[in-house]
Amino acid sequence: MRVRFAPSPTGYLHIGNARTAVVNHLIAKKSGADYIIRIEDTDKERSTVESEISILDDLRWLGIEWNEGPDQDKGHGPYRQSERDDIYSEYTKKLLQSGHAFKCFCTNEQVEEDKKEAQDQNKPFLDRCRNLTLDEQDELCAGGQFPIKFKVPEGESIVFDDKIKERVTFNSSNIGGDFIIVRSDGGAVYNYIVSIDDALMKITHVIRGEDHLSNTPKQILIAKALNLPIPEYAHLPLILGSDKKKLSKRHGITSVDIYRQEGYLPEALMNYLGLLGWSTESGEEILEFDKLISLFEISNISKSPAIFDFQKLKWMNGGYMKKYPLAEITDMFIPYLEKAEFDVKSMSREKLENIISIIRNSCEILSDVAKPAAIFFNDINIPDDEGDALLNEDYSKDIIKIASEIILILNEETVLAGLIPGIKEKTEHKGKKLFHPIRAMITGTLTGPELDLAIPVIGYDNLKKRIEYCKEKYC
RNA sequence: GUCCCCGUCGUCUAGGGGUCCAGGACACCGGGUUUUCAUCUCGGCAGCAGGGGUUCGAAUCCCCUCGGGGAUGCCA
């Protein structure tokens, strides 16, 4: 068994394509199949090497491994369609000679008109050049540049058993008429060369997005005309945005690269993508890789499209983060602390791990760490809007005043036992009315780690600074 | 327009004729824990697109309508 993922390098790795890559990977791992990466860079205008590099990089980050394809150096590949023109033109010659394809000399307007007419009369569109002989074609060509089209047979039914959609039936008269396989500039077109490449690369199972479902009959016709094997197909339902339109940037993050930067874990993304449109019998959702593979079954994938739920991905990511031992998760957080310009290097490892152990639970993604960490890294913290509003309350001002007195008679050893109980005793506040102003005073914000844990780590000197700052600002 | 695919809580889904007055998860709301927020934990809200059939019985089968998505000459 051999599967493939065939991205076109016209941008970053999109979350929808990543899902396709993940499903292929899961299937490959499960069945021990070969995984081939093929770069579909036939669109010369839009393809760039930069996107190829970044797509491959993102795939590696996700944990996807392939046996054949770019940079894998196993004696195969690189499998770039742009480097296979010779192969395609051989097949084009065959098609031309066998009468399965023809050059079309119609103008754009001509075709448009003919199509419209066919449509109005509810008849299938037949290209007016389709019956030209080879000689006639040569004559008309006369050194000019014209597209080559595939001659679609009339009234042939094309049936295939999709692994997800089950039996799908098309009629050849109904797939839009003769279609272009080679552009007038000589470049072969996607729908044409996938058939060739999949056959030549001995792909047994084509697993791809549903947007290719109605391309499939064309590809089957080409394979038949060329006497090439036809693979099994599995068409994954599309991933949609919250408005049920195809997932795009305006819905949120669609680039795998950005998820990486924001501090999502690859295993969480893989888990989420694998689970989209699919579920386990037990209902378990956080599935470590081995379990994901052993349980994954392509025939269980839903037929209907799924809306991408950013919140659930986040939740799942948080679940994975909780599983890491302190030392490891600390290492993972460090780049994000440095990015937030905290002075990590001059801090002892012990204190750093201490901080992480206090704040890790309030993080669902790695970049969440910046906010709670500020409590410990900054000397003082300017209150945010909520904190500021609270500290302007009269009872908060009382607390600040009292704190500023109490802090003077405390020291590093006594501050934990003395500060909050001392304020409580003097003000007789308790619960929220006691803790929230204190929290705002020493952290600048209303949410964060347990104060009893935070206070010893912030340390006496900084606490004093913070209290004095608030006294000046609010009292 | 035509063809193809799809339609269970807000979202991801289980369920494929009786065990479903439809189960789980995210989100949301409420209780408990935390002298505070969060975490954690317990509980709640909420759905079979609509209409016809078939059947003793339909979320499950059939038809129609509606809705969404995709493809339809030089994107993949």
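Lettering follows sequence order; numbering is per chain, from 1.
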Separation between the [atom1] atoms of [N] and [M], rounded to whole Å:
| N | M | atom1 | result |
| --- | --- | --- | --- |
| B/rG24 | B/rU8 | C1' | 13 Å |
| B/rA58 | B/rC48 | C1' | 11 Å |
| B/rA25 | B/rA46 | C1' | 14 Å |
| B/rA76 | B/rA14 | P | 34 Å |
| B/rU19 | B/rG57 | C1' | 14 Å |
| B/rC64 | B/rU54 | C1' | 15 Å |
| B/rA49 | B/rU13 | P | 15 Å |
| B/rG17 | B/rC12 | P | 25 Å |

For [N], which nucleotide in any strand shown is its Watson-Crick or wobble partner with both distances under 3.5 Å?
| N | result |
| --- | --- |
| B/rA49 | B/rU65 |
| B/rA22 | none |
| B/rU54 | none |
| B/rC3 | B/rG70 |

Rounding to a whole Å, what distance do you find between [X]:[atom1] and [N]:[atom2]?
| X | N | atom1 | atom2 | answer |
| --- | --- | --- | --- | --- |
| A/Leu453 | B/rU36 | CG | P | 14 Å |
| A/Asn317 | B/rC12 | CG | P | 20 Å |
| A/Glu364 | B/rA27 | CD | C1' | 11 Å |
| A/Glu450 | B/rU35 | CD | P | 7 Å |
| A/Leu275 | B/rC12 | CG | P | 12 Å |
| A/Lys244 | B/rA49 | NZ | P | 11 Å |
| A/Leu247 | B/rG70 | CG | P | 12 Å |
| A/Lys314 | B/rA25 | NZ | P | 22 Å |

[X], nearest nucleotide to its side chain (from [options]):
| X | options | result |
| --- | --- | --- |
| A/Gln311 | B/rC5, B/rG69, B/rC26 | B/rC26 |
| A/Lys165 | B/rU39, B/rC5, B/rU13 | B/rC5 |
| A/Asp211 | B/rA38, B/rG70, B/rC75 | B/rG70 |
| A/Trp315 | B/rC6, B/rU35, B/rA27 | B/rA27 |
| A/Lys115 | B/rU35, B/rU11, B/rU72 | B/rU72 |
| A/Phe170 | B/rG24, B/rC6, B/rC3 | B/rC3 |
| A/Ala306 | B/rU35, B/rC12, B/rA71 | B/rC12 |
| A/Ser304 | B/rG69, B/rA76, B/rG7 | B/rG7 |
| A/Pro147 | B/rG70, B/rC74, B/rA25 | B/rC74 |
| A/Arg46 | B/rU35, B/rC5, B/rC75 | B/rC75 |

Original post:
Counting only heavy atoms not in A/Lys103, do more than 12 fall under 6.0 Å of its NZ?
Top reply: no
**OP:** Inspect the surroundings of CD in A/Glu328 and state if more than 12 heavy atoms from other residues, nucleotides or ligands are less than 6.0 Å away.
**Re:** yes
Subject >> Exam field: side chain A/His100 to backbone A/Thr92, donor-acceptor pair closer than 3.5 Å >> reply: no
**OP:** Indicate yes or no for a side-chain donor-acceptor contact from A/Arg466 to the backbone of A/Thr443 under 3.5 Å, with no hydrogens or angles considered.
**Re:** no
Under 4.0 Å between a side-chain N or O of [X] and OP1 or OP2 of [N]?
| X | N | value |
| --- | --- | --- |
| A/Lys245 | B/rG69 | yes |
| A/Arg208 | B/rG70 | no |
| A/Arg439 | B/rA38 | no |

Base, sugar-phosphate alone, or nothing: which one does [X] contact when heavy atoms must sit under 4.0 Å apart?
| X | value |
| --- | --- |
| A/Thr42 | sugar-phosphate |
| A/Gln119 | base |
| A/Ile175 | nothing |
| A/Leu313 | nothing |
| A/Glu285 | base |
| A/Ser242 | nothing |
| A/Ile307 | sugar-phosphate |
| A/Gly277 | sugar-phosphate |
| A/Ser184 | base |
| A/His235 | nothing |

Subject >> Side chain A/Asn215 and base B/rA76 donor-acceptor under 3.5 Å >> reply: yes
Subject >> Under-3.5 Å donor-acceptor pair between A/Lys312 side chain and B/rA25 base >> reply: yes
Original post:
So which one's nearest nucleotide on RNA chain B is more toward 5', A/Gly187 or A/Ile164?
Top reply: A/Ile164
Original post:
Nearest nucleotide by nearest heavy atom, which residue falls closer to the 5' end of RNA chain B, A/Pro7 or A/Arg167?
Top reply: A/Arg167
Aromatic ring proximity [X]/[Y], centre distance under 6.0 Å:
| X | Y | answer |
| --- | --- | --- |
| A/Tyr190 | A/His212 | yes |
| A/His25 | A/Phe289 | yes |
| A/Tyr272 | A/Phe308 | yes |

Subject >> Over all atoms of both residues, closest heavy-atom pair of A/Ser195 and A/Leu228 >> reply: O-CD1, 4.2 Å
Subject >> Residue list, side chain to side chain donor-acceptor pair (under 3.5 Å) with A/Arg130, at least two apart or on another chain >> reply: A/Asp178
Subject >> side-chain contact (heavy atoms from CB on, under 4.5 Å) against A/Glu285, all qualifying residues, sequence neighbours excluded >> reply: A/Leu275, A/Lys312, A/Trp315, A/Met316
